[in-house]
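To start, the structure under review is shown below, and the notes come after it.
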Amino acid sequence: MVNLANPTLLVVIPLFFAFLSIIISPFLKKLIKFVPLIVSALNLVVIYFIGVKVLYGSIVLGTTAGLNPPYVIILAVDKLNFIIVLMVNVLGFLISFYNIFYMKEEPTDKFHILFTLLIMASSWISITGDLFNVFVAFEVLSLSSFGLVGYMRSKDSIEAGFKYVVQGILAGSLLLIGVVLIYAQTGTLNMAHIATKLDYVGSLEKLVPYVLIFFGLAVEGALFPLNSWLPDAHPAAPSGISAMLSGIVTTTAIYAIIRVTVTVFNYSAFIPYLFIIALLTLFFGEIAAFFQKDLKRMLAYSTIGQTGLFVLAFSVGTQASISASVAQMVNHSFSKAVLFLVAGIMIEAQGSRNIDDLKGFGRVNILTSILFVFAALSLIGVPPFFGFFTKLAILQTLLDFPGFLGYLSFALVLFAAIIEGVYFYRVFKILFEKSDKNFQAENPWLVISPFILVLILVILSSRPMSVLNFTNDIANQLIQRTIYLTSVLGGLK
Amino acid sequence: MIRKIVYGVFILIIIAAIAIFMSNYKFGVDKMDVGKYYLDNTVPQTGAANVVTSVTLFYRGFDTLGEVTVLFTAALGVAVLYFMGENKRKQKLQESNFVTKIGTRVVFPFILLTGAYIFMHGHLTPGGGFQGGALIATGFLLLYLAYEETSIDRKKFYLVEGLGGLTYVIIGLLGFFMKGSFLANVLPNGTLFDLLSGGIMLPIYIGVGLKVGSELSNIIDDLMCEVKCEEAGGEE
Amino acid sequence: MNIYILIFSYLLLVLTIILSILAIHVKDLLAAVIFMGGGSLLVSLVFLLLQAPDVAMSEAAIGAALTMAIYIVAVKKTEREDNDD
């Protein structure tokens with residue numbers, strides 16, 4: 001009997017379909033648009049089988065080449081991996097459904113194959129247990145998103161794509177050099193094996209590879225000094241891609257930073273710096289978002305701010321803070337995906353990305369606008385919504401950070417929430433203002449995906465405590481790193 | 001000028017810092033326990049004479065699948081960014097001289113043959129799918145440079161590309177279904193130094209070689225056509 | 001390793017650095033591309049001397065041939081501009 005609870009399938013299924021669809025694309029071009037949908041659905045089935053085991057506390061392993069780690073590549077799924085990969089595939093499924101009706105620009109077949117590869121690469125990063133795998137998967141991730149950002153081939157999307165390529169390639173080479181230095185230190189590439197060996201390495205020798213790997217990942221993760229590609233790339237990309245970049249790519253990059261920092265390097269020495277970087281990211285992201293007139297650019301800056309927020313929570317370093325950070329990650333991914341998808345519908349209806357041109361949109365297309373409002377409220381953290389509970393948890397943990405910085409960050413997070421509230425309120429007001437402008441009616445097919453996502457958010461809001469309990473479990477499993485190390489290195493005999 | 005000096009000093013400081021941090025590193029001495037395992041076990045476990053190939057294709061085969069995908073993604077990205085729909089036009093470049101034409105005609109088959117040789121002997125001699133594939137693509141590049149009317153049939157090249165990738169995935173899946181682990185060795189190892197040895201490496205490298213060759217040729221086709229079309233617009 | 005091979009590979013590396021500097025400083029883009037390709041070729045030779053023939057082969061085929069071709073295509077699409085001071 002074949003065991004379906006094998007993480008390797010999450011990478012292999014998308015690849016199989018991607019290679020298959022390049023063969024059939026010249027003949028059956030119409031069918032290609034369903035490929036990402038099928039792929040993420042199949043992946044969700046596999047994730048279900050994995051999840052059954054993971055939720056009982058075991059770590060599901062998938063080896064390759066039939067030998068034991070550390071000699072071969074291993075994929076490992078613990079609770080943190082599970083929630084990230086689940087998010088990737090749920091969002092991938094819904095966004096690819098949206099893309100079927102949204103993408104009209106040729107060559108659509110190549111668009112959908114690239115999208116499949118994007119889903120595959122994000123899933124791969126979020127389940128791998130091998131450091132070099134992280135680099136390879138990041139290459140696939142960044143190459144596919146380069147193609148997708150520049151997909152419209154207009155002047156600004158080519159320019160945004162070019163910026164993204166240059167920064168992404170530089171980031172990739174930093175990551176590679178970091179991995180090479182790690183290999184020179186320890187002679188192995190398996191994360192768990194590296195971790196056991198790095199415990200005996202001086203912190204000065206750890207510093208250079210850590211910094212290189214961190215900056216390599218931070219470019220995709222949109223952390224402060226390295227995120228200048230993001231505000232250009234998100235508006236220029238098709239809306240489904242903006243949702244994917246914002247909800248998934250950033251999240252997986254931050255996941256990789258968390259995994260490398262906690263499990264591999266056992267961080268404590270690097271925390272204050274991470275905290276300051278996150279604080280700056282949060283502050284500048286939200287301030288910049290406040291001044292934008294372009295809807296998607298505003299959302300892009302808001303993504304930077306939110307990323308800063310959950311990295312800030314993570315970098316406090318306690319179990320409660322990691323738990324709050326993961327919860328906020330979930331909240332951000334879902335609500336920001338809704339916002340971008342809805343922004344896509346709005347832009348299609350009125351032909352411009354300017355916020356002021358949206359006057360009266362909410363009076364014509366009520367459902368779309370209400371979805372926008374719901375997601376934005378959850379993102380800001382208004383009481384009945386899920387975002388409120390995650391932000392509350394973050395604020396509680398921030399006071400644990402020693403010294404003046406803890407209080408400062410507490411004040412800044414509150415301040416950022418207020419700014420977020422103000423700029424989203426401005427959009428709400430314009431949406432529902434009276435105007436005699438005629439808008440196209442919303443395409444009902446396009447509304448389905450954001451609607452389901454909002455439904456997920458509402459379900460999360462109805463039982464926030466059980467979600468926070470689950471993220472607490474995640475943080476607990478993450479902090480007890482010996483469990484991960486022993487089960488990866490000794491689990492398969 | 002001052003700015004240049006400041007940048008130079010800044011870069012020197014960074015290099016010096018990295019050099020100081022790395023002065024304790026010992027590259028490749030004693031610590032290579034995983035590498036030593038590969039050296040000791042390659043022949044009994046995989047039957048390949050070339051240890052590098054056994055590492056890239058067997059022990060770390062999953063990474064190589066990823067690298068294959070990197071190239072696949074890059075080719076797709078180029079095709080997307082250079083997409084011109086139906087209004088692709090062929091046009092004369094400056095005509096290449098007689099020597100290039102005849103030379104290409106003589107050399108082209110040999111380049112293909114060498115490429116095929118390299119990827120088929122990946123498990124025995126240096127080289128493999130990527131190197132052989134790149135060599136094949138240089139052959140097509142030469143063809144493009146010598147004869148302006150060159151144009152490859154993209155449908156067939158996509159077919160080869162997809163089949164090459166599928167070979168890799170399907171062989172991996174065979175291992176998964178038969179031995180419960182992706183890319184497990186399902187074929188006999190054979191005798192060392194035989195062409196038919198090394199288990200799954202030979203079919204995988206043939207797939208990779210064909211895939212890389214057709215992918216890179218596709219990229220060249222995209223780029224070359226763009227140049228031709230541009231100049232057509234300029235002259236007419 | 002043989003001391004002569006070591007000296008030779010250091011020489012090649014120095015040459016590579018010189019070629020890279022030339023590639024940055026030369027005005028003609030086509031010449032810059034050719035300097036870069038020459039640098040790649042020398043590096044692939046160094047790989048061969050350091051007993052990494054697999055890497056040497058990929059470097060020779062990709063670094064020296066294909067990358068150069070792609071750069072030349074890109075250079076051809078730019079317009080040549082000669083304003084010497």
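Throughout, protein chains are lettered first and strands after them, A, B, ... in sequence-line order, and every chain is numbered starting at 1.
For A:D130, the part sitting under 4.5 Å from any heavy atom of chain B is the side chain, from C-beta outward, and nothing else. Proximity to chain A is limited to the side chain of B:F72, based on heavy atoms less than 4.5 angstrom apart. Using a 4.5 Å cut-off between heavy atoms, B:L71 makes no contact with chain A at all. At a 4.5 Å heavy-atom cutoff, B:Y168 makes no contact with chain A through either its backbone or its side chain. For A:V11, the part lying under 4.5 angstrom from a heavy atom of chain B is the side chain only. Within the 4.5 angstrom heavy-atom criterion, atoms from both the backbone and the side chain of A:N133 approach chain B. The part of A:M120 that comes within reach of chain B is its side chain, from C-beta onward, which places non-hydrogen atoms under 4.5 angstrom from that chain. Both the backbone and the side chain of A:I22 come within less than 4.5 Å of a heavy atom in chain B. In this structure, chain B has no heavy atom under 4.5 Å from any part of A:I24. Only the side chain of A:L207 comes within less than 4.5 Å of a heavy atom in chain B; its backbone stays farther off.
Taking CG of B:L76 as the start and CG of A:L114 as the end, the distance is 5.0 Å to the nearest 0.5 Å. In this structure, CD1 in A:I23 is found 4.0 Å from CG in B:L163, a value given to the nearest 0.5 Å. Between atom CD1 of residue A:I73 and atom CG of residue B:D63 there is a gap of 3.5 Å, rounded to the nearest 0.5 Å. Rounding to the nearest 0.5 angstrom, the gap separating the CG atom in A:L15 from the CG atom in B:L65 is 5.0 Å. We find the CZ-CG distance between B:F182 and A:L75 to be 10.0 Å, quoted to the nearest 0.5 Å. Going from atom CH2 of A:W124 over to atom CZ of B:F62 covers 5.5 Å, rounded to the nearest 0.5 Å.
Residues B:Y59 and A:Y71 come closest through the heavy atom pair CB-O, 3.8 Å.
If you tally non-hydrogen atom pairs under 4.5 Å between each of B:L159, B:L166, B:L183 and chain A, the highest count goes to B:L166. Ranked by non-hydrogen atom pairs under 4.5 Å with chain B, the options A:S25, A:A18, A:P107, A:P70 are led by A:P107. The choice from B:F176, B:Y38, B:F177 that makes the most heavy-atom pairs within less than 4.5 Å of chain A is B:F176. When each of A:I158, A:T128, A:L189, A:L148 is scored by its heavy-atom pairs under 4.5 Å with chain B, the top score falls to A:L189. Ranked by heavy-atom pairs under 4.5 Å with chain A, the first of B:V68, B:T46, B:V70 is B:V70.
Within the 4.5 Å cutoff, the side chain of A:V72 has no heavy atoms near those of the B:R60 side chain. Residues A:F16 and B:I170 form a side-chain contact, since some pair of their non-hydrogen atoms from C-beta on lies under 4.5 Å apart.
Within 6.0 Å of NZ on B:K4 lie no more than 12 heavy atoms contributed by other residues, nucleotides or ligands. At most 12 non-hydrogen atoms from other residues, nucleotides or ligands lie less than 6.0 angstrom from OH of B:Y7.
The backbone N or O of A:T63 lies less than 3.5 Å from a partner atom in the side chain of B:S181, making a donor-acceptor pair.
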Inset, instruction - Start with the C-alpha distance between A:F19 and B:E161, add both sets of side-chain angles, then the distance that settles side-chain contact (heavy atoms from CB on, under 4.5 Å), and finish with yes or no. - result: CA-CA 8 Å; A:F19 292 145; B:E161 183 183 350; over 6 Å; no

Legend entry - Check against side-chain contact (heavy atoms from CB on, under 4.5 Å), B:L81 and A:Y151: CA-CA 6 Å; B:L81 294 181; A:Y151 183 78; over 6 Å; no

